[in-house]
Structure formats: structure tokens, C-alpha cells
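Beneath this line is the structure, given in C-alpha cells, with notes to follow.
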Amino acid sequence: MNKAKKLINLSEVSLLKDEDCYKNAELDYLTGCFTFKSFRENAACVMRKKSENNLSYFDIVYLNIERFRFYNEQYGFERGDELLKVLAKKITESFPQRIIARFSNDCFGIFTYDIEVPDAIQKLNASFYEYTLDINMSIKAGVYHYSSADTLDISGAVDCAKLACDSIRKRFDTLYRYYDQELERRQEQVQYIISHIDQAIEENWIKVYYQPVIRTLGREVCGMEALARWDDPQYGILKPSFFIDILEEYHLIHKLDSCIVTKVCEDFYNARESGRPLVPVSFNLSRLDFELCDIVSLIDEAANMYLIPKDLLHIEITESILTENAAYIKDQVERFHKNGYEVWMDDFGSGYSSLNVFKDYHFDVIKIDMLFLKDFSLESQQIIASVVDMAKRIGVRTLAEGVETQEQLDFLRDIGCEKAQGFFIDKPEPYDMMCDHLRNLGYRFEAPELRSYHDDLGQVNFLGTNPLDGYEDLSRSAKFKERKGVPLGIFEFHQESGHFIYTNKEFRDALASIGIYSTDEAELRINDANNPFFQKCRETAESILGTTEEGYIDMVANNCYFMVRARSISSYSEGSAFLVNIQNISENGAVSKKILLDKSLTSLYSMFSLVDTLYLDEDTDVPVYMGANYYIHYGRQSLRAGIKAFAENEIHPDDRNAYLAFMNPDTIKTRLMTTTFESIDAFFRIRIKNDVFEWRQFILARFSDKDQNRVLFCIRTTNAHLTDQTGIQM
Ligand code: C2E
Ligand code: MG
Ligand code: MG
């Protein structure tokens with residue numbers, strides 16, 4: 001493609017009138033419009049001449065096609081060029097005999113007078129509309145209107161028109177905007193910021209404010225975010241919304257960000273020296289930091305200089321970083337990881353969030369955008385919950401930004417979003433002020449040794465249908481508010497006692513269904529050495545601690561048979577946490593409540609340590625009642641396997657064969673049919689604790705003559721064996 005500019009051939013350019021001004025004008029090779037240089041010179045010339053004739057109202061229009069890039073991508077550059085030629089022609093039709101230039105790819109400039117600019121733009125847009133449909137392209141125009149006393153040169157006017165045009169980017173309902181006072185103020189800001197950034201850094205106007213991040217489970221302060229503030233001697237404290245965009249636009253942002261990184265490291269250093277609490281700090285990077293400097297090395301140098309462990313520094317980047325130059329950014333993200341930093345994704349869900357990014361990049365944490373909490377609708381709650389669920393499935397931790405109410409914080413805790421940040425906890429403040437303020441509000445800083453323990457707790461997914469592996473999949477209601485999850489709690493054991501640090505509603509409901517109406521009440525029982533549950537909980541916890549094994553406890557309380565299942569989550573020097581599920585078996589229909597509450601059966605409880613129903617044909621059992629020390633549930637495996645395992649683990653070795661013969665499911669029916677009594681019984685020694693065995697009477701009884709499949713199995717504490725019922729002597 002010949003990109004050389006050609007000199008004007010006036011016969012080609014029908015739009016030109018005042019030939020005096022256009023001698024030696026340069027034209028754009030593609031469209032025949034003026035180049036920017038010629039536009040500037042000739043517009044100035046025409047303006048001067050017209051002014052001499054008392055015409056003093058002129059307009060400069062800056063015109064841009066939004067989303068033109070996508071047209072090029074879809075149809076190729078050749079068709080893209082054709083479209084630009086069409087547009088140039090249509091501009092000349094809408095603005096006849098005026099000065100028209102192509103400034104760059106899809107940006108045009110128009111110098112005009114004596115014309116209703118809005119009408120002309122509307123007309124142009126209408127005539128161009130048919131070309132824009134499938135790509136959803138649109139024309140955007142910024143207009144600078146010269147008034148009589150205006151002395152701004154053409155370049156300045158083009159800048160202003162461009163600013164007006166840029167300000168309506170992505171606003172599908174707006175076609176044009178005049179440069180106005182608001183934009184003028186913005187322009188002044190821009191000038192101020194770009195001409196003072198170096199001074200602001202040198203003279204310490206740039207400050208770091210910190211906003212705390214807390215754990216939703218224990219509310220400890222587990223981190224903080226460093227946010228830039230510009231403490232201006234003239235304007236006071238300026239927020240990032242005032243200067244970040246400008247610094248990005250003028251490619252100066254890396255100066256600010258490297259200054260912030262150094263200040264964060266300095267603050268860390270001073271805090272350590274003065275014995276202040278230390279928690280990790282996250283800070284924000286811009287996409288351009290990766291282009292304008294070697295940001296990874298820069299952060300490394302600052303961390304090394306102030307001896308800051310890298311795991312105390314977390315990098316926040318937004319998704320927009322990942323859209324361009326993906327391979328390079330991926331490399332840099334990996335470099336951060338390799339050097340020991342966590343990399344967090346900021347504002348997840350704010351823009352063009354795509355789950356795809358999780359396939360290509362690893363993020364340690366995603367920060368869920370505050371817009372979701374702002375409108376705390378059911379839909380937003382569903383989205384937050386789904387994001388948390390998804391993140392946990394792929395091993396990414398979650399933090400919600402913009403928490404402004406207790407209700408929001410409770411919700412986040414409930415769904416297992418592990419960290420929260422927002423004005424409800426505290427606003428961003430200078431480091432020392434923030435520490436004092438948090439202490440006054442009663443917050444504790446997380447001790448370093450608890451960090452990984454709490455991280456482990458945060459990984460538990462309360463929303464999954466299957467949080468304890470192998471768990472029954474309980475169907476979930478389509479309506480989120482009515483969702484029915486698995487009853488789950490996290491129980492933390494300490495040396496002396498234990499307590500729940502989390503329970504979901506389903507867990508509390510399950511407790512209530514067995515007559516325990518609060519977690520405090522449950523804790524009282526678990527911590528009461530006289531309660532049979534006390535010992536069993538501790539034994540089970542000890543046996544599964546640090547393993548992936550699942551622990552079971554079967555108990556009867558308030559005439560309800562229930563089962564507790566537990567898994568070890570994590571531990572630290574003074575405590576260990578377990579994920580706990582509870583199921584009220586009697587309520588689940590496995591044992592009908594009617595049977596349980598039957599008066600005659602209730603009287604059995606006082607006589608027997610265990611009452612179980614064996615279903616011989618189905619090779620399973622359903623416990624009816626278990627005394628304090630009995631946790632037999634054969635049917636967890638098959639009945640046969642259960643009997644065998646019980647014989648091996650719980651029956652005295654000398655009694656084992658006799659026990660297996662007595663419990664043999666293949667002969668139970670025949671033996672019960674041939675006995676003249678309703679039942680058969682025998683005595684075996686059963687393990688009470690470690691190597692201590694005691695005699696028990698084992699009874700198998702018929703339910704009825706008709707139902708030979710169902711057999712009542714009981715274990716009874718008795719001294720009867722001493723008078724020899726089985727021939728086994730002590
Ligand atoms: P961000 O990283 O998402 O930071 C959170 C912003 O939300 C902060 O605004 C914070 O003050 C504000 N915020 C926190 N909690 C709440 C809340 O409960 N409600 C509401 N309405 N807002 C809350 P800030 O400090 O004005 O920063 C705005 C953005 O500027 C930041 O968003 C970040 O993208 C950018 N930024 C801040 N500091 C830096 C920096 O040093 N470098 C770069 N590149 N960007 C920065
Ligand atoms: Mg951030
Ligand atoms: Mg954010």
C-alpha cells in the first residue's frame with residue numbers, strides 16, 4: 001500500500017472553495033481528505049480570512065468510528081479501507097465545501113462555519129447507519145465551537161473536540177457532544193496532573209492510604225489494600241478517580257505506581273521497626289505498568305531493599321490488563337508468582353469478565369466487584385454465590401469489595417466468601433490512623449502463624465452440593481433464598497474446649513430437629529466431660545486429624561438417632577478445625593419417628609445398649625437406638641461386611657469365631673424359626689476401651705412369624721453370662 005502523501009490536485013477536491021488557502025496542501029493517500037498538518041494550516045488561513053469579513057463563528061468537529069477495529073478484524077483491512085473511503089465521501093456530502101481531514105485510522109476532522117453542526121452529524125450518521133449494523137459500530141463526534149473572542153489555535157481546538165468525543169465513548173445513546181465548561185475543567189485537571197506528577201512524587205504529595213481486609217469467619221484483619229492519594233497543596237486530597245486515568249492516558253502511571261510500591265515497603269519497614277502489626281498489603285497495578293517499565297524487577301528491588309518478604313506483597317490487576325499482549329502479560333504474571341508474590345484479580349465482574357481467564361492465568365484471589373453488593377438484589381446475591389462456588393472449585397480464594405452493611409457481611413460469611421473489604425469495616429486511611437482506628441473498633445490483626453490455617457478454612461466450599469466427599473447430593477431449590485444445602489459446620493478444637501466457628505442454617509435446623517436449639521447448647525454438650533458425646537468427639541477428631549479420612553459418630557439424643565460426619569480441615573499449634581455434617585436419621589425416614597416414639601420401644605432403651613433392625617435379604621441394617629457407648633451401624637458397609645469388621649475390631653479374639661457363627665446372616669432365619677423362643681442369644685466379650693473387654697449379651701429376635709427378613713438385634717449389659725448361658729467362661 002502506498003502510504004506516501006500526495007500534493008493536492010484541486011480538481012480532485014471538489015469541496016475546496018478558497019483556493020488561495022490550499023496551495024501545496026497535502027492529502028491523505030486513502031480518502032483524499034487533508035492530512036492533519038494541512039488541515040491545521042488551511043483551517044487557520046480560512047478562519048483568518050473569514051474573520052476579516054466579520055465572520056467569527058467556526059466549529060471544529062472531531063469524528064471517530066467506535067468499534068471500527070472489529071470491522072477490520074471481521075472483514076479484513078481492504079474492506080476496512082473501503083469503508084473509510086465511503087465515510088470520507090459521506091462526510092463531504094454532509095459538510096459540503098468545508099475542510100475535511102483524516103487524522104488517523106478512523107478519526108476525521110472537519111472545519112466548518114455557517115452550518116448547523118448537530119443536523120449535519122445526524123444526517124451523516126443516518127447515511128452511514130447501514131454499514132454499521134452487524135458490528136454495532138457508531139459514529140461519535142466532539143465539537144469545539146469558536147466564539148468571537150476565542151484565541152485558541154486550531155490544534156488546541158482539535159484537542160478540545162477530541163476530548164468531547166472521547167467523553168461519550170461507549171455511550172450508545174449519544175452521538176455528539178460540544179466541548180463545554182465541564183470538559184474545560186477536566187482539561188485543566190489534565191494539564192495540572194501531567195505537569196505536576198514529578199513534583200508530587202518528589203515533594204511527598206503522593207500518599208498511601210490503607211483499607212483493611214477482614215476474614216468473614218473470625219473478623220480478624222488479614223490484609224490491607226494500598227490506595228493512592230494525592231495530597232495537593234492547592235486542591236487538598238485528590239482521589240485516584242481524579243488522576244489515575246490521566247496518568248494512564250499520558251503514559252505516566254508507572255511513575256505513580258513505583259512510588260506507591262516504594263512507600264508501601266517503607267511503611268512495612270517502619271511498622272516492623274516500631275512493633276506495629278504486619279499483615280500482607282495488596283496494591284494496584286495498571287496495564288501500562290507492564291509496558292512502560294519492568295514492573296516485576298522494580299517491585300523486587302523495593303522489597304529487597306526494605307527486606308520485605310514477598311509473600312506479604314500481593315499484586316492486584318484488573319482483567320482489562322489481560323486483553324492485550326496476552327502472552328507477555330502471562331509471562332509477567334508467572335514471573336510474579338515465581339518470585340513469591342500472590343497475584344489477585346481486581347474488580348471481577350465489572351467489565352467484560354470472562355471465565356476464560358481462569359483457564360490461562362492463575363490468580364490466588366479474585367476480588368468481586370463492589371457493584372454486586374451495591375445493588376444487593378437476589379440476582380446479585382446469586383451471582384456472588386456462583387462466583388464463590390466456581391472460584392472454590394478451581395482453588396481460587398475470594399474477597400468481596402464494597403461491603404457497606406452488616407447484612408452484606410453476614411451474607412458473605414454465610415456463602416463462604418472468605419474475605420471482605422468495605423466502608424462497613426473501615427475507610428482507607430494513613431497506616432497509623434488505620435491501626436489505631438481498627439483497634440478502637442475492636443478488630444484484631446491476624447497473627448502470622450494463623451494465616452495459612454485461616455486460608456485453609458477459607459477454601460471450604462459451603463455451597464457445593466458435595467462438600468464432604470461422597471456426600472449425598474441434596475437437591476437445591478431453584479430459588480436461591482429457599483436453597484437447601486447440606487448441613488455444615490466448622491468446629492474448632494482447642495486444648496480445653498471446642499466451639500463452632502461456622503454453621504449454616506441447614507446445620508442449625510438439623511440440630512433443632514434433634515432438640516438442640518442453639519450452637520451454644522451443642523457446644524455445652526460437646527465440652528461436658530460427663531456427656532458421652534465428649535469422649536467420642538475427641539476420639540474421632542484425634543483419629544482423623546490431618547488425614548483425609550471421614551469420621552463418624554452415631555448418637556441418640558432426645559429420642560432421635562443422628563449421625564455426625566467429620567473431616568479434618570487444618571490445624572495450627574493451638575487448635576484444629578473440622579468440617580462437620582449432621583443428619584437426623586430418624587427424620588430422614590430411615591427409621592420412622594413413629595417407631596422411635598413408640599412407648600414399648602422406649603422402655604427397651606433403658607434395658608439395652610443397642611437396638612438395631614437387620615434386613616437380611618437387603619444385607620443392611622437400620623439402627624433404632626444406640627446407647628452412649630455404641631456406635632455400631634453395620635449397614636454403612638453391607639451388613640455382612642459390617643459384621644465381619646465389627647468382629648475383628650470390637651470382639652475379643654477368643655470369642656470371634658463364635659460371634660461370627662452367631663451373627664451369620666445366612667443361618668439367622670433358620671435358627672430363629674427352629675427355636676421355641678422368640679429369640680436366640682449369646683454372650684461375647686466386647687471392647688470397651690483399648691484392651692479392656694466386657695461381657696455383653698447379644699440377642700437376635702423375630703419381629704413376627706410372617707416377616708422373617710426383618711430381625712431385631714440387641715446388645716444388653718448383663719451379668720447373666722456368669723451363670724453360664726453359652727458355655728463360655730470368664
Ligand atoms: P480498587 O482497586 O477497586 O479500590 C477500591 C476502591 O473502592 C477504592 O477507591 C476504595 O476507597 C473504594 N471503596 C472501598 N470500600 C468501599 C465501599 O464500601 N463503598 C464504596 N462506594 N467504595 C469503596 P479509591 O481509593 O478511590 O480507588 C479507586 C480505584 O483507583 C481503585 O479501585 C484502583 O483501581 C485505582 N487505584 C487506587 N490506587 C491506585 C494505585 O496506586 N495505582 C493504580 N494503578 N491504581 C490505583
Ligand atoms: Mg484494587
Ligand atoms: Mg476493586
Side-chain angles (χ1 to χ4, degrees), residues 193 197 200-201 205-214 221 223-231 237-267 280-293 295 298-299 302 313-321 342-351 353 363-376 384 387 398-409 411-412 417 419-431 433-434 437:
I193 295 298
I197 178 68
I201 292 170
W205 301 352
I206 302 295
K207 309 271 185 224
V208 185
Y209 276 35
Y210 293 90
Q211 189 179 29
V213 174
I214 61 163
V221 177
M224 30 195 172
E225 178 173 11
L227 293 159
R229 295 290 182 269
W230 176 312
D231 188 0
I237 299 278
L238 303 178
K239 286 197 157 192
S241 53
F242 197 88
F243 53 85
I244 296 281
D245 284 357
I246 299 171
L247 292 175
E248 284 184 341
E249 187 180 344
Y250 288 86
H251 286 201
L252 297 166
I253 188 71
H254 59 301
K255 293 192 176 188
L256 174 91
D257 285 341
S258 40
C259 164
I260 294 289
V261 168
T262 311
K263 282 179 179 294
V264 165
C265 292
E266 234 171 59
D267 283 344
V281 173
S282 63
F283 49 83
N284 299 278
L285 292 187
S286 151
R287 182 176 60 81
L288 289 158
D289 289 330
F290 292 88
E291 289 173 22
L292 299 171
C293 62
I295 191 71
L298 220 135
I299 295 171
L313 297 174
H314 305 330
I315 316 294
E316 287 192 22
I317 56 177
T318 56
E319 275 160 284
S320 59
I321 287 189
E342 286 194 3
V343 182
W344 293 11
M345 174 178 278
D346 202 358
D347 302 339
F348 180 76
S350 60
S353 295
F363 292 99
D364 299 276
V365 172
I366 51 175
K367 297 186 79 172
I368 301 168
D369 194 69
M370 63 182 75
L371 277 177
F372 294 110
L373 282 184
K374 194 146 251 136
D375 127 57
F376 197 43
I384 297 174
V387 169
T398 48
L399 186 161
E401 306 186 86
V403 179
E404 293 187 355
T405 65
Q406 179 74 54
E407 189 196 0
Q408 293 171 346
L409 187 58
F411 164 77
L412 294 168
C417 176
K419 295 178 180 181
Q421 177 186 4
F423 293 165
F424 180 71
I425 300 139
D426 204 4
K427 295 196 166 168
E429 285 169 319
Y431 188 78
M433 259 168 82
M434 184 205 61
H437 197 189

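For clarity, every value in this text was computed on a predicted model and none was experimentally measured. Ligands are counted one by one from 1 in listed order, and the atoms in each one are counted from 1 as well.
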*Which atoms of ligand 1 are found less than 4.0 Å from any heavy atom of Gly402?*
16 (C), 17 (C), 18 (O)

*Can Lys374 be said to touch ligand 1, with heavy atoms closer than 4.0 Å?*
yes

*Taking distance alone, with no angle check, do Ala228 and ligand 1 share an N/O pair under 3.5 Å?*
yes

*N/O donor-acceptor pair under 3.5 Å between Asp364 side chain and Val343 backbone*: yes

*Got the closest protein heavy atom to atom 16 (C) of ligand 1, with its distance?*
Phe423 CE2, 3.3 Å

*Does Ser241 come within less than 4.0 angstrom of ligand 1, counting non-hydrogen atoms of the residue?*
no

*asked:* Any non-hydrogen side-chain atom of Ile384 less than 4.5 Å from a side-chain atom of Thr398?
replied: no

*Take every heavy atom of Glu225, measure it against each atom of ligand 1, and state whether any distance is under 4.0 Å.*
yes

_Residue pair Ile237 / Tyr209, side-chain heavy-atom distance below 4.5 Å_ = yes

_Please list the nearest protein heavy atom to atom 11 (O) of ligand 1 with its residue and the distance rounded to 0.1 Å._
Pro428 CG, 3.4 Å

*How are the rings of Trp230 and Phe243 set relative to one another: parallel (under 30°), tilted (30 to 60°) or perpendicular (over 60°)?*
tilted

*What's the shortest distance from atom 15 (N) of ligand 1 to any protein heavy atom, and which residue and atom give it?*
Gln211 NE2, 3.0 Å

*Side chains of Pro428 and Arg229: does their closest heavy-atom pair fall under 4.5 Å?*
yes

*Test item: Glu225 and Asn284 side chains (from C-beta on) under 4.5 Å apart, heavy atoms*: yes

*Give the residue and atom name of whichever protein heavy atom lies nearest to atom 5 (C) of ligand 1, and the separation in Å to one decimal.*
Glu401 OE1, 3.7 Å

_By the salt bridge (charged side-chain N to carboxylate O under 4.0 Å, His left out) test, which pairs, at least two apart or in different chains, include something from residues 238-248?_
none

*Return the set of protein N, O or S atoms whose distance to the Mg ion (ligand 3) is under 2.8 Å, each given as residue and atom.*
Asp346 OD1, Asp347 OD1, Glu401 OE1, Glu401 OE2

*Pick whichever of Thr318, Ile206, Asp347, Ile317 has a heavy atom sitting closest to atom 3 (O) of ligand 1.*
Asp347

*For ligand 1, is Gln421 a contact, meaning one of its heavy atoms is under 4.0 Å away?*
no

*Is atom 32 (O) of ligand 1 less than 4.0 angstrom from some protein heavy atom?*
no

*Answer yes or no: is there a side-chain heavy-atom contact under 4.5 Å between Lys374 and Glu404?*
yes

*Ignoring hydrogens and geometry, is there a side-chain-to-backbone donor-acceptor pair from Gln211 to Asp426 under 3.5 Å?*
yes

_Side chain to side chain, Phe348 and Phe363, heavy atoms closer than 4.5 Å_ = no

*asked:* Among the N, O or S atoms of Glu225, which one sits nearest to the Mg ion (ligand 2)?
replied: OE2

Check residues 249-257 and write down every donor-acceptor pair under 3.5 Å in which the side-chain atom is one partner and the other belongs to a residue at least two apart or another chain.
unit_1: Lys255; atom_1: NZ; unit_2: Asp198; atom_2: OD1; d: 2.8
unit_1: Lys255; atom_1: NZ; unit_2: Asp198; atom_2: OD2; d: 3.4

_Spacing of OH belonging to Tyr210 relative to CD belonging to Glu429, to within rounding of 0.5 Å_ = 13.0 Å

*asked:* Within this structure, what is the CG-OH distance for the pair Asp267 and Tyr431, rounded to the nearest 0.5 Å?
replied: 8.0 Å

*So which protein heavy atom does atom 19 (N) of ligand 1 come closest to, and at what separation?*
Glu404 OE2, 2.5 Å

_Contact check: Asp257 vs ligand 1, nitrogen or oxygen atoms, below 3.5 angstrom_ = yes

*asked:* Applying a heavy-atom cut-off of 4.0 Å, say which part of Met370 lies close to ligand 1: side chain, backbone, both or neither.
replied: side chain

_Quick check: do Asp347 and Glu401 have side-chain heavy atoms less than 4.5 Å from each other?_
yes

*What is the nearest protein non-hydrogen atom to atom 27 (O) of ligand 1, stated with its residue, atom name and distance?*
Pro240 CG, 3.5 Å

*Relative to the heavy atoms of Val403, which atoms of ligand 1 are at a distance of less than 4.0 Å?*
18 (O)

*List for me each residue that meets side-chain contact (heavy atoms from CB on, under 4.5 Å) alongside Phe242, sequence neighbours excluded, and say none if there are none.*
Gln189, Ile193, Leu238

*Counting heavy atoms only, which of Leu238, Asp346, Ile244 comes nearest to atom 46 (C) of ligand 1?*
Ile244

*Does any non-hydrogen side-chain atom of Ile214 lie less than 4.5 Å from one of Val403?*
no

_Interatomic spacing from CG in Leu298 to OG1 in Thr262 - rounded to 0.5 Å_ = 7.0 Å

*Using distance alone, determine whether Asn284 and ligand 1 share an N or O pair under 3.5 Å.*
yes

_Can you tell me if Arg229 contacts ligand 1 (heavy atom of the residue under 4.0 Å from the ligand)?_
yes

*Would you say atom 9 (O) of ligand 1 has a protein heavy atom nearer than 4.0 Å?*
no

_Atoms in ligand 1 flagged as close to Ile260, the criterion being non-hydrogen separation under 4.0 Å_ = 41 (O)

